[in-house]
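Hydrogens, waters and symmetry mates play no part in the numbers below; they use all other heavy atoms, side chains included. Please read these numbers as outputs of a predicted model, since none were measured by experiment.
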Amino acid sequence: MSDEQIHTLNIAGKDYALDSLSDEAKAEIQNLRFAETEIQCLSAKLAMAQTARNAYLQALMAVLPQD
């Protein structure tokens, strides 16, 4: 048995050997990976902004006149 690992990609339930894909397909995989990384980054920024908004709201409520 060979020590080489065959790297595969599963898309829509079908496995594809990365080495057998065209350069165009490999470029699209890179684009997809970039987009997924950007989505993760933006999701983290959104979570941070929502947390900050909640903290600002709590600070505002603390300084508003009470009835």
Side-chain angles (χ1 to χ4, degrees):
M1 186 169 290
S2 173
D3 288 337
E4 274 187 48
Q5 262 188 333
I6 297 174
H7 297 281
T8 60
L9 177 69
N10 185 291
I11 299 289
K14 185 172 179 182
D15 289 328
Y16 298 90
L18 291 177
D19 291 344
S20 69
L21 297 178
S22 68
D23 288 342
E24 184 178 10
K26 290 176 184 177
E28 293 302 340
I29 290 168
Q30 287 301 106
N31 292 338
L32 181 59
R33 287 179 177 157
F34 174 79
E36 288 175 344
T37 299
E38 190 66 17
I39 288 168
Q40 289 175 345
C41 181
L42 291 170
S43 293
K45 287 181 180 182
L46 177 59
M48 182 179 62
Q50 289 172 328
T51 300
R53 180 191 63 197
N54 292 340
Y56 296 143
L57 178 59
Q58 291 299 316
L60 173 61
M61 292 174 65
V63 298
L64 289 174
Q66 301 296 316
D67 291 336

- Note on the structure: When rounded to the nearest 0.5 Å, the distance separating CD1 of Ile39 from CG of Leu46 is 12.5 Å
- Note on the structure: Distance col, row Tyr16:OH vs Ile11:CD1, nearest 0.5 angstrom, shows 7.5 Å
- Here the gap from His7 atom NE2 to Ser20 atom OG, rounded to the nearest 0.5 Å, amounts to 13.0 Å
- Leu9 side, atom CG; Leu18 side, atom CG - distance, nearest 0.5 Å: 5.5 Å
- To the nearest 0.5 Å, atom OG of Ser22 lies from atom CD of Glu28 at 9.0 Å
- Query: Do you know the tightest heavy-atom contact between Ala17 and Thr8?
  - Reply: CA-CG2, 4.2 Å
- Item | Atom pair CZ (Arg53) and CD (Gln58), whose distance is rounded to the nearest 0.5 Å | 11.5 Å
- Kindly check if the number of other-residue, nucleotide or ligand heavy atoms within 6.0 Å of CD (Glu24) is above 12? no
- Item | Non-hydrogen atoms of Met61 and Gln66 that approach each other most closely | O-NE2, 3.7 Å
